[in-house]
Amino acid sequence: MLKNYFKIAFRNLLKNKGFSFINIFGLSIGVAACILISIYILHESSYDQHVSNSENVYRLNRDYIDGERVDAGIHFSANTAPTLLTDFEEVELSGRLMSNGLFWGAGSNEIRFDGEVTQHYEEGFAYADQSIIDIMDIVMVNGEAKTALSTPNTIVISEAIAKKYFKNQNPIGRSMYLNGNNERPFKITGVFKDFKSNSHLDFNSFITLEGEEFGEGEQTRWFQNNYFTYIVLKAGIDVSSFENKMNSTLMEKYIKPSYKLAGFAGWEQAHEREKMYLQPLTDINLYSTHVNYESSFRNDIKVIWIFGIVALFILIIASINFVNLSTAKSASRAKEVGLRKVVGSSRTQLISQFLAESILISFIAFILGIALSAISMPLFRTMSGIDLILPWSSIGFISIVLTSSVIVGVLAGLYPSFYLSNFNPINVLKGKLTSGVKSGGLRSSLVVFQFTVSIILIVGTLIVNQQMNFILNSKVGFEKDQVVQIHSTNVLNDRLETFKEELKKIQGVGNVTISDYLPIEGTKRNGNSFVNEGKEGIDETTPGQAWIIDEDYIETMGMNIVEGRNFIKDRVSDEQSVIMNQAMVKALRLKEPLGKRVSRYGQLYEIIGVVEDFNFDTMKTSVRPLCFFRGTSPTITSVKMNTRDLSAVLVSLEAKWKEFVPNMAFRYEFMDASFAKMYDSVSRIKVIFTAFAILAILVACLGLLALSAYMVEQRNKEMSIRKVLGASVQTIFKLLTKNFLILILVALTVAIPIAYYLMHTWLQDYEYRIEMSWTVFVFAGIAVIVIALCTISYHAIRSAIINPAKVLRSE
Amino acid sequence: MIQITDLEKFYKTEEVQTIALNKLSFGVKEGEFVAIMGPSGCGKSTLLNILGLLDDPDGGSFMFNGEEVAGYNERKRSELRKHNIGFVFQSFNLIDELTVFENVELPLIYTGVKPAERKKKVEEVLEKMQIMHRRNHFPQQLSGGQQQRVAVARAVVNNPKLILADEPTGNLDSVNGNEVMDLLIDLNEAGTTIIMVTHSEHDAKYSHRIIRMLDGQKVTENILA
């Protein structure tokens with residue numbers, strides 16, 4: 001029986017090649033899209049699951065509550081982690097990690113190995129406790145995992161770094177020097193397996209925290225928050241009751257007394273402003289968008305949902321093609337249905353037959369879809385920036401794909417098989433049912449649905465693109481173009497000023513400034529507290545950035561002083577002065593800021609200027625309070641060029657660098673490129689979204705193409721008679737396209753409010769956002785109409801210009 | 001074998017109700033060959049569809065082998081049909097996507113005959129219809145006469161007790177038409193009951209009894225043999 005079903009199914013596929021192509025190819029595009037997106041989603045949701053005991057590992061997070069506003073932080077004081085272990089029996093392990101480039105050794109370094117002279121630039125350094133190796137299940141390929149970081153001045157490096165610098169030699173026991181400091185060798189005690197792409201940690205080297213103290217008292221103060229803190233809870237501990245206990249104990253026993261001692265205003269209410277909680281390790285990748293200053297990019301569960309929905313919609317659109325085409329061309333199967341009934345087939349048997357047929361089609365489409373996804377995998381890897389692979393060998397993958405092909409086959413085939421099997425044998429054998437006009441209502445609804453989804457996707461794509469371009473190109477309060485950042489200039493030490501003056505002399509250089517604090521994510525940041533003079537211990541302090549800059553900074557960055565003046569070189573009093581941004585003026589509630597004084601940790605600074613707000617975080621957040629202080633922050637020197645011939649200037653810059661530092665490579669970055677990199681992940685998501693939206697529209701149009709072919713075929717006789725009676729080609733074209741246009745207009749009416757609502761909601765995530773313009777909707781509408789019209793026209797025009805005699809003769 | 005009494009069938013459009021069968025009664029004995037004649041629209045085909053259990057009467061009684069089948073549901077009718085009735089149509093109604101062999105095999109598949117048994121039966125009947133040499137051809141590749149022989153083969157492969165033929169020679173020339181009629185006679189002589197709807201007086205003469213119909217009613221009945 002089954003053999004017979006598949007046999008006739010196969011012959012039908014071959015007989016209607018165009019139909020089969022659209023059905024199978026459309027579905028396989030949908031399948032390929034689904035597979036790619038599923039692999040992406042699986043990758044994104046599998047973060048840190050490989051860590052053994054991951055279900056008991058948590059990162060400590062903290063909400064800072066200020067009225068309506070809640071800021072989430074993940075930095076804790078040095079003694080938080082050890083205290084958690086000693087004071088709470090629920091805690092099995094605790095550990096600290098610190099990757100803040102503010103501290104020497106963390107972030108990026110110039111490194112040199114013993115017995116060598118060349119310095120190499122490497123990123124991805126972090127300080128860590130020995131226990132981090134255990135908690136994160138870091139695998140050592142060389143060295144002792146249990147003790148690698150347990151003595152001071154030790155470092156473990158990744159396999160990648162080991163391979164890069166030691167090839168086949170054993171790095172264990174060698175020494176590493178950082179940033180030209182020859183007094184302090186770090187002994188390499190271990191080589192660890194590179195972090196997987198689905199690990200939220202992405203470091204190349206860990207320096208031990210054993211014996212480190214970053215400034216006096218740093219290890220014991222409860223308000224100097226520099227460390228990511230991870231804990232392992234003992235199995236079976238109730239997390240929320242532990243969180244309550246942890247909050248009250250740490251607050252009452254340690255934090256409040258410490259705040260009180262430091263003279264912080266409102267220390268009694270600290271428990272209302274700070275709430276600590278545990279974030280499961282496996283949640284970090286997808287549930288951390290609210291967290292400030294993450295160590296690297298975190299995806300968003302919302303993005304995962306949106307991608308999943310888009311993939312599902314592509315599959316649904318492809319399945320709708322199947323339903324529509326099957327019912328539309330039902331006439332050609334009618335006789336078969338009638339006959340099978342006459343010779344004894346029951347309706348159930350017919351339904352099974354058509355279901356078998358649709359499962360066969362779906363199965364072929366899935367095989368093809370897997371092939372398509374394999375072919376497009378390299379492209380998708382580039383688009384997503386993740387080294388994704390098709391899990392061929394996984395039995396789970398194969399069985400999920402096979403099961404899905406059956407499910408899709410059944411779902412897509414269900415309606416057509418009920419519809420087809422319901423034919424009355426007498427009618428069809430007498431040829432009464434000549435065309436698939438029946439169920440036109442359902443077919444129309446499905447077409448409307450397809451185009452509604454397509455329009456929403458088009459609008460979504462346009463608005464996402466507009467918003468991204470807006471962020472990348474809008475005025476951000478500083479000028480990022482034609483600015484080159486030269487890295488590692490700190491190695492120049494006391495020759496740095498001379499270097500700066502020399503650079504200024506180069507033809508094409510407009511201005512030069514030395515500062516590690518740049519309005520680009522990933523450069524130096526810090527946290528300080530400010531309070532108005534005379535209000536110390538009375539007013540609550542205002543948190544804000546304290547950036548060290550020189551007198552050329554504001555001009556080089558193209559920032560705008562709205563009140564007061566810039567720092568003046570060599571003026572001694574400017575060392576006790578501050579320039580603040582408008583957000584800081586507002587936060588301190590200063591009416592006339594100039595001449596007032598502000599206190600930072602007991603030191604008073606006179607306000608000499610106010611700079612216009614500029615963005616230094618991503619545009620998702622509003623500008624935060626910030627103060628400029630004069631000083632030297634020597635790692636990055638930024639050069640503003642005033643010529644278009646950037647490459648010539650670069651050559652001169654490099655020559656000058658070689659003159660000063662012959663043993664180190666000249667390393668630079670354009671600021672606009674670094675700026676774009678801030679939005680790299682977002683841009684990738686934009687690209688993926690756009691690609692899949694186009695796919696969805698393509699599949700919908702494939703369906704429309706085939707559907708219009710059948711509709712036109714059905715009306716061929718009518719059109720021929722009309723033509724004989726004198727209808728023009730245009731009239732016929734109009735007649736044939738009118739119905740489809742109506743459907744698309746309905747789809748537009750449904751889609752626009754939905755698209756508006758969805759995109760409006762999405763834009764709320766951005767503090768700086770575009771206004772949605774009606775032109776987007778008009779454009780999307782026109783685009784869909786044009787695309788659909790082109791699709792339909794092919795058949796409509798053919799029908800309109802065909803010789804009517806031919807059609808009528810064959811009737 | 002068949003006894004219909006006061007059989008009624010109406011067709012309704014939105015406003016008009018047409019009577020297709022008007023209190024029609026007659027019986028057919030096992031082994032009989034009955035021809036039904038009458039002008040277009042007299043209800044012949046409707047009658048044949050009801051007798052073939054493809055359609056339901058709106059009134060009256062239909063006894064098939066002593067069993068009341070009027071009011072049977074689709075499943076029961078299909079069950080009864082596939083074991084007892086074979087059909088031959090004017091337009092052959094072969095499935096274009098299946099070969100000659102596969103077309104004939106179809107009823108056996110639905111009655112659940114094992115593959116080896118099926119092959120034997122199909123080959124037997126194709127041999128009998130002298131169409132064996134065409135077993136792997138598709139219907140479009142055959143002449144009209146050959147197609148109708150395949151259709152007859154399909155109708156008889158299950159050894160039905162009753163064959164219903166709806167103008168079996170209507171689309172054929174006289175030579176091919178006579179051949180098909182000879183096949184039906186052979187089947188009838190072997191014991192199969194045949195009810196045939198026809199416009200052709202020539203074909204009707206092959207039967208034992210001619211029932212003439214007009215406006216859904218029986219007008220005359222001539223016994224020939």
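By convention in this document, chain letters (A, B, ...) are assigned in the order of the sequence lines, proteins followed by strands, and residues within each chain are numbered from 1.
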Of B:Asn93, B:Asp96, B:Leu94, which meets side-chain contact (heavy atoms from CB on, under 4.5 Å) against B:Asn103?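 Of the listed options, the one satisfying the test is B:Leu94.
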Given a strict heavy-atom distance threshold of 4.5 Å, which part of A:Glu336 is in contact with chain B: side chain, backbone, both, or neither? both
Non-hydrogen atoms of chain B under 4.5 Å away: do they reach the side chain of A:Arg340, the backbone, both or neither? both
Looking at B:Lys161, I'd like to know if its NZ atom is crowded, meaning that more than 12 non-hydrogen atoms belonging to other residues, nucleotides or ligands lie closer than 6.0 Å.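 Open: at most 12 neighbouring heavy atoms sit under 6.0 Å from NZ of B:Lys161.
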Would one find more than 12 heavy atoms of other residues, nucleotides or ligands at under 6.0 Å from atom NZ of A:Lys738? no
Chain A contact via [X] - which portion, at a heavy-atom distance below 4.5 Å:
X	result
B:Leu80	neither
B:Phe138	side chain
B:Arg154	side chain

Of all of B:Glu105, B:Lys82, B:Gln90, B:Glu79, which one pairs up most often with chain A through heavy atoms under 4.5 Å apart? B:Lys82
Have A:Asn321 and A:Gln450 got a donor and an acceptor in their side chains that come within less than 3.5 Å?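 Result is yes, a qualifying pair exists.
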For the residue pair B:Arg75 and A:Ser346, confirm or rule out a side-chain donor-acceptor distance under 3.5 Å.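 Their side chains do not contain a donor-acceptor pair, so the 3.5 Å distance test is not met.
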